[in-house]
Every structure is written in structure tokens, then in C-alpha cells.
Amino acid sequence: MYVNAEGLNVARVWSNQPYNFDHLGLAMVSLFVTATLNGYTDIMRAAMAAPEEPGMQPQPMGNWSSFFFFAAFVLVVAYTLLNLYIGVVFYQFSRIRLQSQTGSAFLTDDQTEWAELSKLVFRLKPPEKSPVPVNKYRKKLYYLVQSKQFEVSLMAVIIANSALMATVYYNQPHEMIKAVEGLNYAFTCFYLLEFLIKLGGLGWEGYWKNNWNKFDLVLLISSLVDMIVALAMGSHANFLKVQKIMRLLRLARVVKLMRSMKVCNQTTVWIQA
């Protein structure tokens, strides 16, 4: 409360800066402005003055540790990744223009196609597959795990889980918080079912050979511990925040699948040509 010019008590309201991190959209815009290095100091000062509780008065240097985030972001994104991206685009443009004019500096067009095809073939490595189980039920699970439909459905679930995490925003309704928590528990149960299917079809040795399976198992254990603690002590006891960030790393499997499909399609095109 404060007394205005007319001598009346008026409630004081602290409003957010135009660029903030209340939800994913505003966070992306704020990071884009920071990457351009134009006016990012205002965003950084506002973040460094952010209070611990909503509605409290901002204090200069009250959240000084956020400086290290902005320093790392500017160093890695603005100075390194953007310049690296520009360099790669310029190099690829120069290489394509040279090949379009001369075919290659030392090879003809046919030799260049053969060299590209050889690179794609050598890049394809046969996957290490576990032996087929003798038990008929495990054999069904084995062929289910090895099928492309199983992998694609798993990728769809991972994308849906990541999209759900992106819907969280500041000061969202209590009903939405409960709905998101329930869906996260459902996704955790799905990952548990995936683990049991792979363990039954591949066996422990076959499951442990794949590094992605090891990573998934670590995420599954952390998610189960987080879910059990949250159900036993309440949602406010959800202290394993790091595993929520680790879930996003599952998207790397989607990128890996897309790259492998792209290589297979390119190889097919080269062979048909």
C-alpha cells in the first residue's frame, strides 16, 4: 500500500518486465533478444533483481547468481554457435557452388557420386542384435521391440511428453497443475512398461548392451523415485527437478532416428540412380 497524491491508500502492484521467463513463449523471445546482444542487459538486470516469492519487491542483486546463466548463454550462443553456424553455411555454399561449376576440384561428376555413395554405405553400421529367445512369449516381445512400429510409437510418446512439459507457465491454474502431474505419471508408467517389454524380449544382457537403454533406465529410476516421493509427501515435495530437464534429452533419440532414416533414404536414391 502507498499514499497517492490525493491522500488515498492505493494497493501497490509489481508487474513483470516485457521480456520475462513466465512461460515457454516469453522465455524463447527473451533468449532471442539476449542472443542478439541488443538490450539484453535490461533483461539480465531484471532477472538478477527477481524476488524469491511472487508479489514481493524486486531487490537489486537479490538473485545475483542468474548472472552466470546470462554470461554462459552469451558466450556459448551469441559468440560461438551463431558464428559457427554462419561459417558452416558459408562453407557449404562455397562447396556446392564449386561442384556445380566444375563438378569437383579433382573428380568428375560420376566419381563424385561414387564417393558420396561410398561414404553413405560406410556410415551405415549393422545394429548389434541379441539372439532370438527360445520361449515363445519372449520371442513375441523380442520381435515387438525390434519392429519399426515400436520405435516410432516410442518417439511419438517422447515428443508428446516434451510438448506437455513446454505447456507449463507461471501462475497457472491449480487444475492444470494437477492435470499435468497426472499425465506425467502416465508417461512414467508408459516408460516402465517399455522397460519391462525390452527386458522380457532382449534379456538383461541384451538390454544393457545399448547405451540408450542405460540412459533410459537412469531416467526411469529417477522418475519413479520422484513420483513416489511426490505421492507420499505431496506435490510440493517434488525435489528432483533435474530429472525434468533430463527428460528433454530423450529428444536426442528422435533426432537419431530421423538421421538414420535420412541416411537410408539417401542411400536408396543413390542406388536407384
Side-chain angles (χ1 to χ4, degrees), residues 24 27-28 76 123-168 176-265:
L24 179 64
M28 295 296 293
V76 174
R123 199 178 302 168
L124 295 176
K125 296 180 180 180
E128 297 181 1
K129 293 187 177 181
S130 304
V132 181
V134 179
N135 184 278
K136 62 177 182 179
Y137 299 106
R138 289 191 58 195
K139 184 182 296 185
K140 293 181 179 178
L141 295 177
Y142 175 84
Y143 287 119
L144 175 63
V145 172
Q146 298 296 337
S147 64
K148 184 62 67 175
Q149 291 78 7
F150 181 82
E151 188 72 16
V152 172
S153 62
L154 180 60
M155 296 302 107
V157 172
I158 293 174
I159 294 175
N161 191 8
S162 303
L164 178 66
M165 295 176 62
T167 59
V168 178
M176 184 174 180
I177 295 177
K178 289 298 183 181
V180 171
E181 287 182 357
L183 290 175
N184 281 326
Y185 295 157
F187 281 119
T188 302
C189 295
F190 177 85
Y191 295 138
L192 177 61
L193 179 62
E194 176 210 356
F195 166 73
L196 295 177
I197 293 176
K198 286 186 175 181
L199 188 63
L202 303 178
W204 177 253
E205 293 184 0
Y207 180 87
W208 196 251
K209 286 181 180 179
N210 194 312
N211 292 327
W212 284 109
N213 292 338
K214 298 177 183 178
F215 177 72
D216 288 340
L217 183 59
V218 173
L219 288 183
L220 177 62
I221 293 175
S222 64
S223 299
L224 289 175
V225 172
D226 182 44
M227 183 175 66
I228 293 173
V229 172
L231 292 176
M233 303 179 61
S235 59
H236 295 289
N238 191 351
F239 59 91
L240 293 178
K241 303 297 183 182
V242 178
Q243 62 94 14
K244 293 184 178 180
I245 301 176
M246 293 175 62
R247 287 178 189 172
L248 295 177
L249 297 179
R250 290 180 183 267
L251 288 174
R253 297 185 60 181
V254 181
V255 178
K256 179 177 178 293
L257 177 64
M258 293 176 62
R259 290 184 60 184
S260 61
M261 294 176 62
K262 179 180 178 182
V263 171
C264 292
N265 292 335

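- Counting all heavy atoms, side chain and backbone alike, Trp208 lies closest to Lys214 at O-CE, 2.8 Å.
- Inter-residue side-chain proximity for Glu181 and Asn184 is flagged as unmet; no heavy-atom pair is nearer than 4.5 Å.
- With a 6.0 Å radius and a threshold of 12 heavy atoms from other residues, nucleotides or ligands, Met176 has its CE atom above the threshold.
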**Asked** So Leu220 and Leu224, side-chain contact (heavy atoms from CB on, under 4.5 Å) or not? Walk me through it.
**Response** CA-CA 6 Å; Leu220 177 62; Leu224 289 175; 4.1 Å; yes
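- Leu202 pairs with exactly one of Asn210, Leu141, Val145 by the side-chain contact (heavy atoms from CB on, under 4.5 Å) rule, that one being Val145.
- Salt bridge annotation for Glu205-Lys209: absent, with no cationic side-chain nitrogen under 4.0 angstrom from a carboxylate oxygen.
- Remark: the backbone N or O of Val157 is not paired with any side-chain donor or acceptor of Asn161 at under 3.5 angstrom.
- Open room surrounds NZ on Lys140; 12 or fewer heavy atoms of other groups in view lie less than 6.0 Å from it.
- Between Trp212 and Phe215, the ring-plane angle classifies as perpendicular under the 30° and 60° cut-offs.
- The two residues Leu164 and Leu183 come nearest to each other via the heavy atoms CD2-CB, 3.4 Å.
- Side chain of Arg138 to main chain of Pro133: no donor-acceptor pair is present (N/O by atom type, distance under 3.5 Å, no hydrogens or angles).
- Shown here for Tyr191 and Ile158, the closest heavy-atom pair between the two residues is OH-CA, 3.8 Å.
- The two residues Lys139 and Val134 have their closest heavy-atom pair at CE-O, 4.3 Å.
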**Message:** If you apply the rule side-chain contact (heavy atoms from CB on, under 4.5 Å), what do you find for Lys198 with Phe150, and how did you get there?
**Reply:** CA-CA 11 Å; Lys198 286 186 175 181; Phe150 181 82; 3.9 Å; yes
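- Put simply, CG on Leu192 and CD1 on Ile221 are 10.5 Å apart, with the number rounded to the nearest 0.5 Å.
- Leu154 and Glu194 make their closest contact through CD2-OE2, 3.2 Å (heavy atoms, listed as atom of the first residue, atom of the second, distance).
- Atom OH of Tyr185 sits about 11.0 Å away from atom OG of Ser223, to the nearest 0.5 Å.
- Remark: Phe195 engages Tyr207 in a ring pair (Phe, Tyr, Trp, His ring centres under 6.0 Å) (not counting sequence neighbours).
- A distance of 8.5 Å separates OG in Ser162 from CZ in Phe187, rounded to the nearest 0.5 Å.
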